[in-house]
Amino acid sequence: MSSHSAARTMITNDRVSRVIFDYAAKIGAAQDLDAVLALNAGMARDLVGADRCSIWLVDTKNNRLWTKVAHGVQELHIPLGQGLVGACVARNEAIVVNDTSQDERFLKTVDKASGYVTRSVLTLPLHGMNGKPMGALQVLNKPGGFSQDDVDLLGLCSGYSASTLESQRLRKESEAAQLILQELEIARDVQQHLLPQNLPEIPGLDFAGYCRSAKFVGGDYYDFLPMRDGGLLFTLGDVSGKGIAAAVLMASIQASLRSQVVRPPDSLAVLMGDFNKAVYSFSTADKYSTLFCGLLDASKRKLTYVNAGQVRPLLLRAADCQIETLEGGGFPLGLLDAAEYEQGEVSLAPGDAVLCFSDGISEATNAKGEMWNDSDVQKVFQECRGLNAKQMIDHLVKATDGFAGEAEQADDMTLIAIRTV
């Protein structure tokens with residue numbers, strides 16, 4: 001190398017070092033990622049002695065490329081795949097053009113719109129975490145044109161720009177996730193307050209309820225409605241699906257049922273038929289609800305009920321510890337417009353207990369993929385003989401969790417226990 005070339009290289013290296021150190025201090029003091037990105041564009045421009053720099057991003061949703069940073073002009077938008085930027089992203093490689101008049105890929109419309117004259121261009125792809133181009137860094141108009149040394153030098157800037165953009169994306173996703181989490185926590189709190197908070201006292205009856213959603217919010221619900229004649233109307237339902245949509249339908253069903261049952265109904269079967277029509281009218285085809293509805297006359301110890309597709313409740317006889325299932329009913333609510341329902345009736349003796357539960361209990365699954373069956377639930381319920389309603393629920397929940405072990409809760413778990421005293 002001649003002394004003249006060596007001196008020129010030394011001067012160039014000294015200039016590059018000064019630019020890097022100068023911008024490193026500014027980047028370190030920057031308060032947000034947009035400022036960091038703008039400084040990085042300035043560093044890229046100054047490192048190679050160009051006139052302008054722009055940082056372009058791919059917008060696949062709108063099939064376009066747009067400038068996150070653009071020196072000297074307002075935000076630019078071009079169709080995806082067009083221009084030297086589009087070619088760079090499509091080929092996933094650097095492009096150097098030192099005479100734009102000789103390259104048909106150069107998009108003249110941008111210069112016409114801005115009044116700027118672009119003579120030479122260096123464009124490098126910006127790679128996301130998946131290795132695919134997420135955009136491009138482009139510098140314009142270097143006196144004497146761009147070289148391979150400039151391509152190599154700007155590799156640092158393109159990598160740093162991509163890293164900054166990824167950090168912005170991850171931060172925005174994190175902030176959005178935090179916002180969703182806060183909204184879900186609010187929704188969970190609201191939903192929990194829709195469940196009975198203070199149970200009424202009804203002579204001759206001991207009852208309790210429990211609901212634990214698999215997600216933040218769920219589609220299971222239960223309710224206790226004291227009747228004017230001293231009886232108790234109770235419900236346990238399970239809306240199809242999970243999450244916010246199921247929770248909204250659950251709240252609608254609960255509110256609608258409460259509004260319809262202001263006095264003891266003459267017929268639960270008729271009530272359920274009317275209620276089915278109401279649910280069918282305000283729900284979509286893929287949204288429906290199973291529901292068990294019971295009306296218990298405490299003085300006569302008589303239970304009248306309708307089961308609209310819910311898991312069959314169990315009746316534990318205190319005298320001999322035998323289990324009976326409450327059969328009959330009809331289709332889930334909201335599934336068919338003109339569904340008809342049959343009601344059942346059973347007499348209770350002192351100490352008898354009724355257990356209603358959702359399939360989150362009966363279909364609990366352990367880590368091996370094994371599922372509880374009806375006989376397992378019945379056996380655990382038989383162990384509840386002599387316990388009060390709350391103790392029964394606690395025993396069932398503990399047994400369910402014990403069977404599931406480390407397996408994630410797959411469905412909402414809801415129970416109602418009612419015992420005559």
Side-chain angles (χ1 to χ4, degrees), residues 191-192 194-197 199-200 202 205-214 217-227 231-242 246-247 249-258 260-261 265 268-269 271-272 275-276 279 288-296 303-316 324-335 341 343-344 346 348 353-364 374 377-378 380-381 384 389-390 392-397 400 411-419:
Q191 187 176 44
Q192 286 297 315
L194 290 175
L195 300 174
Q197 301 299 304
L199 300 185
I202 298 180
L205 294 180
D206 169 36
F207 53 95
Y210 175 86
C211 182
R212 188 175 79 197
S213 299
V217 291
D220 279 13
Y221 58 99
Y222 71 90
D223 210 351
F224 296 114
L225 301 175
M227 297 289 101
L232 175 69
L233 189 140
F234 60 96
T235 59
L236 187 147
D238 183 358
V239 172
S240 61
K242 299 180 181 66
L249 182 56
M250 178 275 279
S252 300
I253 289 175
Q254 186 185 51
S256 179
L257 185 60
R258 285 186 176 184
Q260 291 191 40
V261 186
L268 277 185
L271 171 69
M272 196 66 74
F275 190 46
N276 172 71
V279 174
Y288 56 89
S289 174
T290 59
L291 178 70
F292 180 86
C293 181
L295 179 60
L296 211 163
L303 173 62
T304 305
Y305 63 89
V306 173
N307 191 351
Q310 184 56 267
V311 179
R312 293 176 299 178
L314 303 178
L315 170 59
L316 175 63
E324 299 175 15
T325 55
L326 303 184
E327 306 288 344
F331 289 101
L333 300 175
L335 200 59
Y341 296 88
Q343 67 184 42
V346 64
L348 305 178
V354 175
L355 180 71
C356 303
F357 50 97
S358 66
D359 54 12
I361 298 292
S362 59
E363 297 179 2
D374 293 343
V377 181
Q378 291 181 20
V380 174
F381 189 32
C384 294
K390 185 179 183 307
M392 290 180 186
I393 289 177
D394 291 343
H395 186 69
L396 264 295
V397 171
T400 305
D411 203 353
D412 303 337
M413 293 170 51
T414 307
L415 304 98
I416 282 179
I418 302 177
R419 179 174 171 269

- [ ] Report yes or no: do Ser358 and Asp220 form a side-chain donor-acceptor pair below 3.5 Å?
- [x]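 The answer is yes; a qualifying pair exists.
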Open item on the list: One pair to check against side-chain contact (heavy atoms from CB on, under 4.5 Å): Leu232 and Leu225. What are the steps and the verdict?
Closed with: CA-CA 6 Å; Leu232 175 69; Leu225 301 175; 5.8 Å; no
Can you tell me how far the [atom1] atom of [X] sits from the [atom2] atom of [Y], to the nearest 0.5 Å?
X      : Y      : atom1 : atom2 : result
Phe331 : Asn307 : CZ    : CG    : 13.0 Å
Leu268 : Tyr341 : CG    : OH    : 13.0 Å
Leu295 : Gln343 : CG    : CD    : 9.0 Å
Thr235 : Tyr221 : OG1   : OH    : 6.5 Å
Arg312 : Glu324 : CZ    : CD    : 12.5 Å
Leu291 : Leu236 : CG    : CG    : 8.0 Å

Task: Tyr305 atom OH: more than 12 heavy-atom contacts under 6.0 Å - done: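 Correct, the count exceeds 12.
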For [X] against [Y], the heavy-atom pair lying closest together:
X      : Y      : value
Met227 : Leu233 : CE-CB, 3.9 Å
Ala208 : Phe224 : O-CZ, 3.6 Å
Phe381 : Ala353 : CZ-O, 3.8 Å
Ile361 : Thr400 : CD1-OG1, 3.6 Å
Cys211 : Thr414 : SG-OG1, 3.3 Å
Ser362 : Phe357 : CB-CE1, 3.7 Å

Open item on the list: Test side-chain contact (heavy atoms from CB on, under 4.5 Å) on Met392 and Leu415; report intermediate values, then the result.
Closed with: CA-CA 10 Å; Met392 290 180 186; Leu415 304 98; over 6 Å; no
Open item on the list: Whether the side chain of Asp206 engages the backbone of Arg419 through a donor-acceptor N/O pair (distance < 3.5 Å, no angle test) should be reported.
Closed with: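 Flag not set: sc Asp206 to bb Arg419 has no pair under 3.5 Å.
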- [ ] Please answer whether the main-chain N or O of Leu195 pairs with a side-chain N or O of Gln197 as donor and acceptor at a distance below 3.5 Å.
- [x]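 Checking the backbone N and O of Leu195 against the side chain of Gln197, a donor-acceptor pair under 3.5 Å is found.
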TODO: Sequence neighbours left out, what passes side chain to side chain donor-acceptor pair (under 3.5 Å) with Asp223? Give chain and number order.
DONE: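 Per chain and number, Asp223 pairs via side chain to side chain donor-acceptor pair (under 3.5 Å) with Arg258.
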Open item on the list: With side chain to side chain contact (heavy atoms under 4.5 Å, CB included) as the test, pick out the partner of Leu355 among Ile416, Leu396, Val380, Leu326.
Closed with: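 Testing Leu355 for a side chain to side chain contact (heavy atoms under 4.5 Å, CB included) against Ile416, Leu396, Val380, Leu326 leaves exactly one candidate, Leu396.
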Task: Passing candidate, side chain to side chain contact (heavy atoms under 4.5 Å, CB included) with Leu315, options Leu303, Ile418, Val354 - done: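 In the set Leu303, Ile418, Val354, the residue that makes a side chain to side chain contact (heavy atoms under 4.5 Å, CB included) with Leu315 is Val354.
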Task: Leu348 and Leu296, any side-chain heavy atoms less than 4.5 Å apart - done: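 Yes, at least one pair of side-chain atoms sits under 4.5 Å.
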- [ ] Side-chain contact test, heavy atoms from C-beta onward, threshold under 4.5 Å: evaluate it for Cys293 versus Met272 and give yes or no.
- [x]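 Cys293 reaches Met272 side chain to side chain.
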Task: Ring centres under 6.0 angstrom apart (Phe234, Phe207) - done: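 No, the ring of Phe234 stays outside the 6.0 Å limit from the ring of Phe207, centre to centre.
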